[in-house]
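This report refers to the structure that appears directly beneath it.
Computed over heavy atoms, backbone and side chain alike; hydrogens, waters and symmetry mates excluded. Each chain gets a letter, A, B and so on, in the order the sequences are listed, and its residues count up from 1.
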Amino acid sequence: MTLQSSQGAAPRPRRNGVGRSWGWWDGWTVGALVIAGLAVLPILAVILIAFTPGDDIWSHLASTVLPGYIVTTLELMAGVGAGTLLIGVSAAWLVTMCRFPGRRIFEWAMLLPMAMPAYVIAYVYTDLLEFAGPLQAMLREMFGWSSKRDYWFPEIRSTGGAMAMLTLVLYPYVYLLARAAFLEQSVGVLEASRSLGRGPWRSFFTVALPMARPGIVIGISFALMETLNDFGTVDFFAVNTFTQGIFDVWMNMNNIAGAAQLATVLLLFVAVIVLSERYARRKQRFHNTTSKYQPLPAYRLRGGIALLATGFCTVVVTLGFLLPTFVLLAYARQYFDPVLALEISAHAANSVQLSALAGVIAMLVAIVVAYSVRIKGGPLLRAVGRMAGFGYAVPGAVLAVGVMVTLGQVDNRLDGFMRDSFGISTGLLFSGTIAAVTFGYLVRFLALSLGTVEAGLGKITPSMDGASRNLGRGALATMYRVHLPLMRGSVLTAVLLVFVDCMKELPMTIILRPFNFQTLATFVHQYASDEQLGEAALAALSIVAVGILPVIILSLVIARSRPGAGAAMGGDH
Amino acid sequence: MVQISSSFQIESEAIDADHRHLVEIINEITQAIDDGRPEECARLVPNFVDFAKQHFAREESLLAEYAYPLLEKHRRHHHSLGDKLQTMLNLAARVAEHPPARESLRKELVYFMLDDVINEDLNFKKFLSEVDADGKKKVEK
Amino acid sequence: MQGLHIHGIHHAYGETAVLENVSLTVPAGELVCLLGPSGCGKTTLLRVAAGLEKLQTGSITIDDTVVAEPGLELPPEERKIGFMFQDYALFPHLTIRENVSFGLFRQSKRAAHERAMEMLHQVGLDHYAEDFPHTLSGGQQQRVALARALAPAPRLLLLDEPFSGLDTNMRARIRDETLNMLKQTNVATLMVTHDPREAMYMSDRIKVMGANGQVLQSGRPVDIYYKPVDEYVARLFGPVNVIQGSVCQGGLETSFGRYPADEIGDGGDMRVLIRLEGVSLHNGAATPGDAPVEVLSAHLLGDSSIVHIRFKEGANQGLEIRARVHGSFDPTESGEVWARVDPRCVFQYAGTPS
């Protein structure tokens, strides 16, 4: 080895012309800031309108409908919360900790009701259980009753009915998170509890359940957010929740300020849920310290108890998915009509185009935000990243009001400006267009694609970035050559998740859609509201079929996370 | 050849001149080894060591004149280099009949110059430039 | 000056300083090692040098070109630095050959292919060119990472704990191979490790860093090992025996003899540290300075043994110390046992244990 030294005069160090090097990073920051700003704009608009002094509808609302809205909404939340907790946790405990016939199937089948929008299941059960429906007709036939006065039958179109419908399709959130929480628990603590003399049931209530509590709370908060978001079910059942109230004040009383004021109160409900979810997450980090993965102990259930477990899971999946699907299939066959089918396919095309557009844009936007957080970091951008996902917690009806108000303002300003400057009236350029619906979808579902893309990026170690940069590739080339190929799966999932949720979306679509523009969801809502479920069955089935896609993805993830199957995931990285 | 590029300059004429002279001796030693005259090291290396010690003394009195606040630390650093200078003398005594010592000596000289002398002296470059700008504001004795 | 020159780097995360006035020089063809405990900012220094972390204070010069100083910062892709990460960071979606040619995109396809294959040949992995990284063993992945970092002929190579992912048996071999390869390429190399043996084996010069991100000592491995500036540096290289006492009449009397302590003064505390391998045992005739000891136990480690002994007389009568002796040691052998210390393995510092 020799000491190499410079020959001749040393060159002067380069001191200029490289200052730009950090400058263009700021393109990412600006992009992320603009996106997050747009994403919170509708929410801010709602709050702003609510606090703008105007005709005093607030005192009117407060003295008439508001107390009812609050009580009904709280009732509904309590019912759905309790129902999803009971079903979700029991099911999760059974399939993770016990062995009984059909367990491996139920492990993923319990997720199927996720594919079912609450309003679809509400239409189906109303059809089945109402006075004119087949069940009551059969009972009357059997017992010789002739009128409503002869017997008691639960009224499906009630708050209780809405609780049941929402619980049946929302419990999978609690199931998923509780299941994950149980799987993460160290076997050691359960065994320790057993060895200290506590039986399996007492161990469950004193050790496993408290340890899984953060996950369960997160699951319930998701279910409750969806409950607040629901419009189709409560509208159909005439249950006066906030969402229903916003629609009423907006559509029937034509009062924007009143709708915004109701929406703001609803946002308080959301804030409470979000805060408790955040709180649970903070605690969850503490619980996740166990690292060793061991096969969980299996309580082999026998005889009657095993039968009970199988029966419980079967009933839940049947009520939440199999029966409604079967009914819709039967109707779809019975009421099949080529002319109607053609019409539905046109609506389906609308739905698919709109949802795909939103899915792709959301994915691109999510990449910009997630990538700026990664390469730029810092508290500002992390806050921006969280802000961009706010919309997911906000009920569709609230966002719809916000988007409407925001775009209305933009349209008016633009029109005014164009008229003053050029004497041209642009009219309403954005309001009531596809762009408005897409914007609403983006605000509401950006969190889904953002979460997926962030998770995908998070799996790529930062040293990958470093390696690529030091090998001479810039930030864009690194993204294109290293990150995108590595997170292809996440990118596709991001598009798919947003796509599916947009296909199912109802309240925002109803408010924001162009005149006479139908999607599958609005079509089903319109026909079912007119008691024409038969005609709407084909469209409803299409929505359910699309909704199955994420369930399949989740089941695959579940299958892969099973003990012993984890090694199949991407070697060392 | 070792060269002192501009980023290694302390921008104090007396000190930079000393550094240049030390580098000159290092280059002479390197040249002597490369040309197969290792016996000259026995004369050159003691020269280098003597001059380095003189340089340390000159530097310390200059810094004292300007009341450099970290003078004591720098003085301790100079003191700690005594072992390394001794190592060079030991190596120099052996280079004539012991070829591997030549490479060691050469490396030792380069690291000593760049890492131990210049790098440490750069610590007071900013300090010196500030007192100079103040119109040679010296501390009254 | 060809190579890397870093001056006056300070770096802090919020209030916590991880690098305090770190300066170093790595001439071309040399390997300098930063040795320090984990979390002392060694890796941060590499990341700052590579441009992956923003420079806060100081300057970095490579081959006489300033690549970073406050207000001027070359992005990582323009620095021509090879960086080998602790986890290797091989791209899992690219083949071995595509990994190695990742940085060769400015050359023609053919030239890049040839260069990549040449590098793979050098590390003995040309047969795996079209395989994917996860099919390779840890040692093979390490070699691919090295080949990838060296393929674009960087001016400077940074190695972050390059052997920490390998098991002990493989480590020695890969270390040798890596050293050979670096000598051939004549690139300036800055390496980070917490393993003192690795640092001594690999480097031309070691910079010892303390937990607070300061450079405690720099020098040749032999300087650091035999002339540690303080007890912390001395202990980095393995366990030591400590003899503690008060200075009396300008020195400290021990069973091994008297250690002068002019600088401490009478009554002051003084510690004499003796490396375990600096104590040798024999049962022949005693020479001046040998201390008679009683053997308490011996533990065979393989190539050496740790022997617990107790002084029979002198100033440290009754004190137990340990010795590391070559091969096995039979404590039951009869006869007087003498301990002798190698003065190069004895260090003395003022003060009491902290």
Side-chain angles (χ1 to χ4, degrees), chain A residues 1-25 374-379 456 459-489 567-573, chain C residues 1-3 27-31 47 50-52 54 59 61 63-67 69 71-94 99 102-106 132-135 138 141 145 148-149 151-152 154 158 160 182-183 186 188 204:
Chain A
M1 200 188 307
T2 58
L3 274 180
Q4 192 171 315
S5 347
S6 58
Q7 313 285 316
R12 293 264 329 163
R14 189 152 65 111
R15 278 178 184 273
N16 46 25
V18 288
R20 62 174 182 80
S21 54
W22 289 90
W24 75 268
W25 291 83
R374 181 180 182 98
I375 60 179
K376 201 76 169 108
K459 278 193 210 124
I460 304 171
T461 64
S463 49
M464 292 278 170
D465 305 36
S468 170
R469 300 296 297 275
N470 279 129
L471 288 166
R473 309 277 194 170
L476 269 179
T478 300
M479 175 164 111
Y480 179 68
R481 299 197 171 265
V482 178
H483 294 131
L484 285 184
L486 284 178
M487 50 185 272
R488 207 166 35 201
M569 294 181 72
D572 303 33
H573 297 281
Chain C
M1 225 275 311
Q2 298 285 299
E30 293 280 284
L31 194 150
R47 293 181 58 82
L52 302 174
K54 208 162 160 40
S59 68
T61 312
D63 290 0
D64 286 316
T65 310
V66 176
V67 298
E69 61 185 19
L72 136 64
E73 213 156 338
L74 226 51
E77 58 269 27
E78 289 173 31
R79 292 193 185 188
K80 296 202 184 110
I81 290 177
F83 198 136
M84 208 180 103
F85 294 86
Q86 190 171 2
D87 62 1
Y88 312 140
L90 298 180
F91 303 124
H93 62 299
L94 301 179
N99 260 286
F102 190 88
L104 303 172
F105 56 97
R106 289 198 181 85
F132 283 91
H134 69 269
T135 61
Q141 290 189 7
R148 184 179 71 177
L158 304 172
D160 187 2
L182 294 180
K183 278 182 183 169
N186 202 39
D204 297 299

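Of the listed residues A/Asn470, A/Val482, A/Thr478, the one with more heavy-atom pairs under 4.5 angstrom with chain C than any other is A/Asn470. The candidate from A/Pro462, A/Ala477, A/Gly466 with the greatest count of non-hydrogen atom pairs under 4.5 Å with chain C is A/Gly466.
Taking all atoms of both residues into account, the shortest heavy-atom contact from C/Phe91 to A/Ala467 is CZ-CB, 4.2 Å. For the pair C/Pro92 and A/Met464, the tightest heavy-atom approach, listed with the atom from each and the gap, is CD-CE, 3.7 Å. Of all heavy-atom pairs between C/His93 and A/Pro485, the closest is CD2-CB, 3.3 Å. When all heavy atoms of A/Leu471 and C/Pro152 are compared, the closest pair comes out as CD2-CG, 3.8 Å. Of all non-hydrogen atoms in A/Ser463 and C/Phe85, the two that sit nearest each other are CB-CD2, 3.2 Å.
For OH of A/Tyr480, the number of neighbouring non-hydrogen atoms (other residues, nucleotides, ligands) closer than 6.0 Å is 12 at most.
The parts of C/Phe102 that come within reach of chain A are both its backbone and its side chain, each placing non-hydrogen atoms under 4.5 angstrom from that chain.
For C/Asn99, the side-chain hydrogen bond (donor to acceptor under 3.5 Å, both in side chains) partners two or more places apart in sequence, or in a different chain, are C/Arg148. Every side chain to side chain contact (heavy atoms under 4.5 Å, CB included) that C/Ala188 has, sequence neighbours left out, goes to C/Val26, C/Leu156.
Here A/Arg473 contributes atom CZ and C/Glu77 contributes atom CD; the two are 11.0 Å apart, rounded to the nearest 0.5 Å.
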